[in-house]
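Here's the structure, in C-alpha cells; my notes come after.
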There are 2 protein chains.
Amino acid sequence: MEPTAPTRKHRSGIVRRPGRPAGRTLADGVIADRETLLNAAERLILAKGPSVSLDAIALEAGVTKPILYRGVGGRDRLIDALAERLSARMGEWVSREVAAARSPHDAVHRLVSGYLDQTVRERNLYLYVSGGGSGEDRVRGLLRFAELTAERFAEGIANFRASRGANPDVATVWSFGLVGALHYVTLWLLRDTNADVNGVADQLTLLLCTGFRLED
Amino acid sequence: MEPTAPTRKHRSGIVRRPGRPAGRTLADGVIADRETLLNAAERLILAKGPSVSLDAIALEAGVTKPILYRGVGGRDRLIDALAERLSARMGEWVSREVAAARSPHDAVHRLVSGYLDQTVRERNLYLYVSGGGSGEDRVRGLLRFAELTAERFAEGIANFRASRGANPDVATVWSFGLVGALHYVTLWLLRDTNADVNGVADQLTLLLCTGFRLED
DNA sequence: CGGTTAATTCTACTCGTGGTAATTTAAGGA
DNA sequence: TCCTTAAATTACCACGAGTAGAATTAACCG
C-alpha cells in the first residue's frame, strides 16, 4: 500500500519529492536563485547553440519550468536579462581595453577588436540574444542589447566630443551607429570561424576613425 | 450514405471541394504564382504587423498551406525572398537618390535619409525580415538582408575608393558597417514614430563622412 | 501529539505555429 | 469504361511557450 511518499524522479535525474521543501519560504528568496538560473541558461546556450528551449534550460538548472518562470519570468525576460549580462561583460572588457590605449585611434582599435573577440568567444549567447523576441516584438533582444551597449558607449563619445569643443548631442545616434556597425560585421564574421579577425578590425577601425573622408 | 462530394467550406469562406480542380495543370504554372504569394505576404505583413503566421499568409493569398509551401518553400525561404525584394527596392530607391546628389557628402546624406524614410515606410516588413529565422539560424533574415544590401553598397564604395587612389579592399567590411549603422539607428527610430528623422539622418551622415576625426 | 491550513512544488495540459502525410477528386489514355 | 496519374484539400504531427490545478508537505495551533 506504499504509505511512504512517492519519491518521484525528476526528469533531470535529480530525485526530489514533490511538495513544499523544508526550512525555506519563498520570501527567503534563496531557492532557485535568479543568478543560478541565468548561469544555467548561459551555460546551456553556449554549449548547445542558440536554439535551446526553455524546457532544456530548466532541465539544465535542475528545476522545473514553472520555477524557471517564477525566477526569470518567461522568454522575453530571459532575453532581456541575458542581454544585460552580455552587455555588462562586454562593457567591462572593452573599457579595460580602452583604458590601456595610448591614443584615441588606438582606443577605437582596441574597442573594435575587443568587441569582435568577445563576441566570437560567446558566439552562441550573442546569437541567442540577437535572434530573440516573441509576438510583436521580434527584435526585442537585438534592441535591448543595442540600447544597453550603446548607452555605455554614448557617454564616452559625448565626453570626447565635449573635450574637443564639438557638439556632444550626436552621441546617442553615433553610439547606435557604432554598435550597429560592430554587430553586423560580427554577424558576418561569425559565419565562418576562420576569418581574419584582426584584419577586419583594422578596416572597421579605419572607417570609424576617418569615415569616408568627406569633409563638407 | 452520402454519395455526393462533401463540398466543404474552406476556412477563407471560399467554398471549394477537395481534390484536383478542373482545367489546370501544374505545368501551366499560372496558378498560385510565386510573385502572387509573395505579394500577399507583403500585403498582410504590412497591414497586420510582423508576427503574422504562415497560415494567415496562405489565407490572404487565397491558397492553402501546402500550396504556399510549394510556392515559396517554408518560412526561411519566405524570409529570404522578402529580404531580397526589400533589399532590391531599397537599393533602387537609394541609388536613385544618390544619383541625384551634387557631391559625395550629399550622396551620403541622401543615402542615409533615403534608407531611413524607406524603412519607416515599410516598418512591419522590415521588422519581419529582421526578426526571422528558425532553428539554429536565428539571425537568418537579418544576415540575408544585410548581405544583399551590403553587396549593393560595396560596389559603390569600392569604386569611389579606387577613384581616389585608396585601397578598395575595405569595401566589404565598410559596407557591412554602413548597413549595420543604418539598421540599428533605424530600429531605434522605429520605436517611436514621432522621431525627428531628418535630424537623425544629419547626425549619422556626419559620422559616416568624417568618422570620429581621428587621423592616425 | 494530531489536525488544519497555507505554501510550494510538480505534472499535465492548452494553444499556436511550422511542416507534412493521408485522402480525395479531376483529367486523360488504354 | 476503368485505371493510372496529377493535384489540391483536409487533417494531422511535433515542438515550444506558457499556465492551471492536482499533489504534497511544512508550519502552526489547539
Side-chain angles (χ1 to χ4, degrees), chain A residues 2-12 14-32 41 48 50-59 61-79 128 131-138 140, chain B residues 2-12 14-32 41 50-59 61-79 128 131-135 137-138 140:
Chain A
E2 305 279 357
T4 54
T7 308
R8 305 197 183 156
K9 193 158 145 203
H10 186 268
R11 274 172 295 176
S12 65
I14 298 170
V15 174
R16 195 186 259 180
R17 308 211 322 257
R20 176 176 182 172
R24 308 240 171 108
T25 166
L26 181 59
D28 295 345
V30 201
I31 327 165
K48 300 285 183 186
S51 66
V52 299
S53 68
L54 291 182
D55 281 286
I57 291 175
L59 194 77
V63 146
T64 53
K65 227 186 336 175
I67 302 296
L68 180 64
Y69 273 75
R70 196 194 55 200
V72 310
R75 201 173 124 81
D76 282 353
R77 295 299 207 48
L78 172 63
I79 289 173
Y128 188 86
S134 59
E136 284 301 303
D137 203 357
R138 303 189 75 131
R140 184 188 189 92
Chain B
E2 304 280 357
T4 55
T7 308
R8 306 202 180 151
K9 193 160 145 202
H10 187 267
R11 273 172 295 178
S12 64
I14 300 170
V15 173
R16 199 185 258 181
R17 307 218 320 262
R20 175 174 181 172
R24 307 238 171 112
T25 167
L26 181 59
D28 296 344
V30 200
I31 329 164
S51 67
V52 299
S53 68
L54 291 183
D55 281 285
I57 291 174
L59 193 77
V63 144
T64 53
K65 225 184 340 174
I67 301 296
L68 180 64
Y69 272 75
R70 195 193 59 200
V72 308
R75 201 174 125 83
D76 282 354
R77 293 307 241 340
L78 173 62
I79 288 174
Y128 188 86
S134 59
D137 203 356
R138 302 190 76 130
R140 184 189 189 93

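Here the structure is a predicted model, which means the values were calculated and not measured. Reminder, nothing fancy here: chain letters follow the sequence lines and each chain counts from 1. Only this structure's heavy atoms are used, side chains among them; waters, hydrogens and symmetry mates stay out.
Contact between B:Ile79 and B:Gly133 at its shortest, heavy atoms only, is CD1-N, 3.5 Å. When all heavy atoms are compared, the tightest approach of A:Arg138 to B:Ser51 is NH1-CA, 3.5 Å.
Between the CZ atom of A:Arg138 and the C1' atom of C:dG18 there is a distance of 12 Å, given to the nearest Å. A:Leu68 places its CG atom 14 Å from the P atom of D:dG16, with the value rounded to the nearest Å. Counting to the nearest Å, the P atom of C:dG18 and the CG atom of B:Asp76 are 11 Å from each other. Atom CG of B:Leu54 is separated from atom C1' of C:dG16 by 12 Å (rounded to the nearest Å). Atom-to-atom, NZ of A:Lys65 to C1' of D:dA17 comes out at 6 Å; the value is rounded to the nearest Å. A straight line from OH of B:Tyr128 to C1' of C:dT17 spans 11 Å, rounded to a whole angstrom. Nucleotide C:dA7 holds its P atom 16 Å from the CD1 atom of A:Ile67, rounded to whole Å. One interatomic measurement links the two molecules: OH of B:Tyr69 to C1' of D:dT10, which rounds to 16 Å at whole-angstrom precision.
Annotation: the span from A:Lys48 atom NZ to A:Tyr128 atom OH amounts to 15.5 Å, rounded to 0.5 Å.
Within the structure, a side-chain polar atom (N or O) of A:Thr64 is placed less than 4.0 Å from OP1 or OP2 of C:dC10. For D:dA7, the OP1/OP2 oxygens have no side-chain nitrogen or oxygen of B:Arg70 closer than 4.0 Å.
Note on the helix from C:dC1-D:dG30 to C:dA30-D:dT1: terminal axis deviation equals 40°, with five pairs used at each end and the result rounded to 10°.
Positionally, the nearest nucleotide of DNA chain D for B:Pro66 lies more toward the 5' end than for the other of B:Pro66 and A:Gly74.
Between A:Leu68 and A:Leu54, the closest side-chain pair of non-hydrogen atoms falls below 4.5 Å. Residues A:Val72 and A:Ile57 are not in side-chain contact: their nearest non-hydrogen atoms beyond the backbone lie 4.5 Å or more apart.
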